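Please read these numbers as outputs of a predicted model, since none were measured by experiment. Letters A, B, ... are given to chains in the order of the sequence lines, protein chains preceding strands, and every chain is numbered from 1.
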Amino acid sequence: MEDWKTNRSVFWTLATPGTFWLVLFFLVPLAFLFVLSFSDKAIIDGQMSINDYDYFTGISNYLRSLNSDIISIFMRTIWWSFLATLACLLIAYPIAFGICFAPEKWRPLLLMLIVLPFWINLLIRTYALIAVLRTQGVINSALGFAGLGPFEILGTSFAVIFGLVYVYMPFMVLPLYATIERLDKSFLEASLDLGGTQFQTFRNITLPLTMPGIVTGVVLVFIPCLGTFLTSELLGGTSSWMIGNVIQNQFGPANDWPFGSALSLLLMYATFGVLALRSLLQRNSKGVDV
Amino acid sequence: MAELLKPGQGPLDYGKRRWLQAVFAVTLFVLYLPIFVLIAYSFNVQNRSGVWKGFTLENYAKAWNNSDLMSALLNSLTIAFISTIFATIIGAMIAVLLWRFRFPGKPAYEGAMALPIVIPEICMGVAMLLFYARTGMMTGMTHLSWPFNLGTIIIAHIAFCFPFVAVVVRSRLVGFNRQLEEASKDLGASEWQTFTRILIPYMMPGLIAGALLAFTLSLDDFVITFFTSGPETVTFPVKIYSMVKTGVKFEVNAASTILILITVVATVIAMKFQAPEQSGH
Amino acid sequence: MSAFRQFPRHSRRSFLKGTGAAFAGLVLSPRFALAEEDKKLSFYNYDTYIGETTLDDFKKATGIEVKLDLFADGDELFTKLKAGNPGYDVIVPTSNVVERMVKANMIMALDHAKIPNMKNIDPAFLNPSFDPGRKYSLPYQWGTVGIGYRKSKVEGVPDSWKFLLDDEKYAGRVALLGDQEHTIGAALKYLGFSYNSTNIDELNKARDLLIKGKKIVKKYADDNGQDLLAQGEVDLTMEYNGDIAQVMAEDDDLAYVIPKEGSNVWEDTIAIPTGAPHPENAHAFINFIFDGEVGKGITETIHYATPNAAAKALMDEAYRNNAAIFPPADALAKCEYSAYLGEEAVKVRDGIWTAVQAA
């Protein structure tokens with residue numbers, strides 16, 4: 001890597017468009033949100049205004065998020081995101097492993113088969129899931145032939161978690177595939193030749209070496225899960241609001257943009273926390289970098 | 001474990017393990033079942049009960065004749081196309097910048113670049129709405145004629161797409177042998193020549209993957225589009241969302257199937273195009 | 001109270017076909033003198049909440065091209081216009097949204113002189129509480145919120161909110177609207193209070209009822225309760241009458257009732273947002289909508305109750321006598337309009353709704 005001073009013209013040429021775009025069309029708008037989160041609706045003639053704000057009135061919106069309802073929805077969001085991420089990991093790891101050890105000519109095809117649904121519109125996929133999970137949907141009809149069910153799947157927390165796994169799984173497979181593929185297979189051979197069992201080899205060699213892929217995958221799945229609102233709204237039942245739904249509601253029916261902004265920023269800080277954890281983990285691991 | 005292996009199966013032939021194959025098969029089944037059900041239902045005779053009533057192509061005819069739906073599709077494809085071009089160029093430049101240079105405040109800069117990736121869509125959507133409204137850009141742009149009235153949406157799409165492109169391209173650049181670049185310069189090539197003849201060809205698979213990602217993200221986006229769109233700029237997801245929410249679904253299935261086909265064909269073409277390039281590394 | 005989340009509208013095109021034919025011969029004289037406005041109009045509406053050929057016919061009659069943009073629920077409309085009108089000429093807000101938007105100066109006063117077809121409107125709609133004297137809005141469609149149910153799965157007529165909120169008899173087979181205005185409103189009605197109550201004790205009682213009643217409810221539906229009902233996912237659903245009327249036409253086993261405790265009567269209005277670029281065209285369009293034949297075409301497509309008396313007179317018996325669309329007067333007498341209750345009340349209700357979702 002060279003210092004930017006060695007070639008200033010190239011540095012500035014490369015840096016200008018992206019920085020300009022990011023600052024003007026992302027950071028400045030975000031600053032609007034930041035300011036709003038410290039504001040309140042103006043009181044005009046003793047009535048709370050619909051559309052005007054008093055700026056920089058304090059941190060009342062942040063204090064409001066300490067409300068027990070909001071906290072329990074936050075906890076639910078984190079718990080479900082965790083479960084969904086864990087499920088993704090447990091399913092995606094063997095899959096990525098299987099692809100990497102498949103005959104070389106098959107690998108791109110297998111990878112594409114797994115990733116292809118990801119390119120299909122999120123809304124369409126979620127909507128397709130509903131038809132499958134319904135009480136009288138495909139799964140229950142099939143179970144009905146076997147004399148089982150019907151099971152109420154739609155409208156449960158299971159449906160939401162299932163939906164999250166369904167939607168975000170490719171985010172887990174891709175980084176895992178990238179690390180496992182670059183894994184030096186001779187390590188595994190050496191371990192097995194020296195009498196290690198498959199399990200020992202996996203635990204002591206494969207797992208630590210593929211840790212960066214795992215961490216990246218976990219981050220890539222966990223973060224979008226935190227911001228979910230569509231999946232929980234469409235697949236969930238009566239207790240399925242996640243924090244994204246609360247935020248959505250503030251910018252919608254509740255018309256409380258300052259509170260919505262504060263919640264959005266809190267959610268953003270939570271994702272920063274996850275990212276910080278990631279760089280910490282990655283610094284301590286010695287695996288294959290992704 | 002070795003004793004469990006069948007003849008001809010090495011200890012590392014994990015791809016031949018039955019249980020791995022089973023996991024793979026089940027996952028594929030679960031992944032594709034809803035999609036195939038959706039496609040199958042697009043041929044169903046219209047009814048609300050969700051029961052199979054017979055095969056028909058009527059839904060496709062309806063979707064095709066639904067000019068709102070078709071113009072929404074055209075809008076979405078136009079937005080995705082233009083955003084992808086800009087996002088790919090800007091993203092690639094940022095990728096090269098981050099890969100090549102050391103500069104003060106780099107970690108913070110990288111963090112800022114990652115923001116559009118990690119921020120919940122709704123935050124960005126509302127932030128953009130506030131920004132456009134307060135700066136007057138919204139009214140300024142939405143009165144222009146097509147496709148310039150899509151400008152507000154395109155600007156926002158570029159903003160959230162290019163950091164994704166940067167990440168993808170940068171991960172490709174990590175494997176680049178810098179001596180190639182030095183050799184090129186030693187042999188008298190200019191900065192520009194080195195860039196176009198050495199670096200760009202090397203980046204190509206990353207550029208294609210990044211462009212494809214940007215295209216899909218743009219085509220997929222509902223939330224940010226909703227907040228940044230003006231009149232006359234209904235996009236496909238916005239149209240689908242209002243149709244699904246209101247329970248109008250027959251044409252939705254047909255239109256979704258068409259969109260699925262478009263995405264699948266585009267992805268397959270891109271993968272084919274990308275394949276020979278990869279053999280180089 | 002936060003309005004919205006009203007209906008996604010529906011109005012299936014499949015509902016009544018061939019509306020277009022009715023318009024084939026309809027030519028209006030181009031007497032809409034249009035000052036120097038472009039021949040354009042931007043119409044912001046629910047999806048398929050207009051006659052199949054209405055916009056084309058308007059273009060034929062006046063040369064004005066109508067561009068349609070869509071919102072999925074009323075809160076989207078409000079949110080989008082709140083930061084400034086991005087260029088819409090005609091919008092379709094619900095009654096309480098009108099009130100809120102008028103308070104926030106988001107709606108322009110109408111020039112009644114430019115809307116001679118106002119004479120076609122049923123006089124009962126000309127002086128509502130949310131817009132006295134119809135200064136800002138005209139009635140587009142109206143209806144009620146009630147219970148849609150499957151006759152073969154329910155004993156008798158479930159004519160009380162009890163079966164959706166309090167009685168475990170049909171537990172797990174019930175859907176409510178995922179809409180704070182109506183779900184809290186229904187709970188208030190069941191408890192004997194006003195749909196528009198701002199009394200904190202009453203609201204807390206409604207909250208406790210809703211939380212306790214969660215074990216009865218399978219889903220807070222996104223206004224697609226009619227589909228859940230038609231598919232057999234639920235046997236009782238809280239819904240807008242027009243939605244249920246649509247599924248009733250396909251399935252004889254379905255019916256609609258307004259609970260005896262009373263419910264909500266809503267009205268979607270048509271209005272011009274402040275800052276509309278083509279106000280002259282907008283007036284011409286609104287006038288066009290209230291033409292008898294045009295109103296008939298809209299009603300035949302979307303199948304809601306029309307306040308356009310001239311249009312109603314042109315409709316057939318089956319429509320005019322449909323009890324799901326035009327409820328009996330005594331049931332209607334117990335229904336209330338949703339009022340806009342002020343931002344503080346909205347905040348309180350939102351807190352209650354969040355508590356219900358969190359529980």
Side-chain angles (χ1 to χ4, degrees), chain A residues 1-4 10-11 14-15 17-18 21-22 25-30 32-33 91 94-95 97-98 101-103 108 112-114 116-117 119-125 127-129 131-132 134 136 138 185 188-189 192 197-198 223 227 229 244 247-248 251 257 260 264 267-268 271 275 290, chain B residues 1 11-15 20-21 23-24 27-28 31-35 37-38 41 50 90 93-94 96-97 100-103 112-116 118-123 126-128 130-131 134 155-156 158-159 162 171 191 216 219-220 222 237 240-241 244 256 259-260 263-264 267 271 275:
Chain A
M1 227 178 268
E2 49 191 297
D3 195 84
W4 70 284
V10 174
F11 176 82
L14 290 173
W21 211 278
L22 187 82
F25 299 124
F26 186 77
L27 295 181
V28 170
L30 211 59
F32 278 81
L33 211 62
I91 298 166
I95 286 184
F97 212 74
F101 285 91
M112 195 174 85
L113 277 175
I114 292 285
L116 198 58
W119 305 108
I120 295 167
N121 193 297
L122 173 76
L123 202 61
I124 295 176
R125 275 181 296 156
Y127 171 53
L129 256 189
V132 174
R134 285 191 294 122
Q136 321 228 331
V138 178
K185 273 89 190 168
L188 307 188
E189 276 164 12
L192 292 170
T197 63
Q198 287 281 6
I223 286 176
F229 73 93
I247 295 175
Q248 178 90 342
F251 290 110
W257 291 26
S264 308
L267 181 56
M268 214 169 79
T271 58
L275 288 176
V290 222
Chain B
M1 290 283 278
L12 283 177
D13 277 346
Y14 296 107
L20 265 179
Q21 290 174 348
V23 170
F24 198 87
T27 309
L28 279 188
L31 276 179
Y32 283 92
L33 179 70
I35 294 166
V37 168
L38 180 114
Y41 269 94
I90 298 175
M93 289 169 86
I94 293 295
V96 175
L97 176 88
R100 180 166 163 184
F101 290 105
R102 221 172 330 142
F103 54 92
M113 277 293 161
L115 267 181
V118 304
I119 192 173
E121 280 186 316
I122 180 130
C123 309
V126 173
M128 294 305 289
L130 278 170
F131 172 75
R134 295 284 152 93
I155 287 174
I158 295 170
F162 87 82
S171 69
E191 189 75 47
T216 320
L219 207 57
D220 212 22
F222 167 71
I240 293 271
Y241 185 70
V244 170
S256 304
L259 192 67
I260 288 173
T263 5
V264 168
T267 315
M271 293 242 173

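Residues B/Phe101 and A/Leu14 are in side-chain contact: their nearest non-hydrogen atoms beyond the backbone lie under 4.5 Å apart. Counting heavy atoms from C-beta outward, B/Ile158 and A/Phe25 have side chains that stay 4.5 Å or more apart. At a threshold of 4.5 Å between non-hydrogen side-chain atoms, the residues B/Leu115 and A/Leu22 do not count as touching. At a threshold of 4.5 Å between non-hydrogen side-chain atoms, the residues A/Leu30 and B/Phe131 do not count as touching.
Of the residues considered (A/Gly227, A/Ala128, A/Gly260), A/Ala128 shows the highest number of contacts with chain B, using heavy-atom pairs under 4.5 Å. In terms of heavy-atom pairs under 4.5 angstrom with chain A, the leader among B/Asp220, B/Thr216, B/Leu38 is B/Asp220. Of the listed residues (A/Ile124, A/Leu267, A/Leu122, A/Val28), the greatest number of heavy-atom pairs within a distance under 4.5 Å of chain B belongs to A/Ile124. Looking only at heavy-atom pairs under 4.5 Å with chain A, the residue among B/Arg102, B/Glu191, B/Met93 that has the most is B/Arg102. In terms of non-hydrogen atom pairs under 4.5 Å with chain A, the most contact-rich of B/Val126, B/Ile260, B/Leu33 is B/Val126.
Looking at B/Tyr32, its side chain does come within 3.5 Å of a backbone N or O of A/Leu113 through a donor-acceptor pair.
The contact between A/Phe251 and chain B is made entirely by side chain atoms (from C-beta outward), counting heavy-atom distances below 4.5 Å. With a 4.5 Å cut-off on non-hydrogen atoms, B/Phe162 touches chain A through its side chain but not through its backbone. If you measure heavy-atom distances from B/Ala112 to chain A, the contacts under 4.5 Å come from both the backbone and the side chain. Both the backbone and the side chain of B/Leu97 come within contact range of chain A, judged by heavy atoms closer than 4.5 Å. If you measure heavy-atom distances from A/Ile223 to chain B, the contacts under 4.5 Å come from the side chain alone.
When all heavy atoms are compared, the tightest approach of B/Pro237 to A/Leu123 is O-CD2, 3.9 Å. What you find for B/Ile94 and A/Gly18 is that their closest heavy atoms are CD1-CA, 3.8 Å. Scanning all heavy atoms of the two residues, the minimum distance from A/Ile114 to B/Leu31 falls at O-CD1, 3.8 Å. In terms of heavy-atom proximity, A/Leu129 sits nearest to B/Pro34 at CD2-CG, 3.9 Å. When every heavy atom of B/Leu20 is checked against every heavy atom of A/Gly98, the shortest pair comes out as CD1-CA, 4.2 Å.
To the nearest 0.5 Å, the span separating CZ on A/Phe32 from CE on B/Met128 amounts to 10.5 Å.
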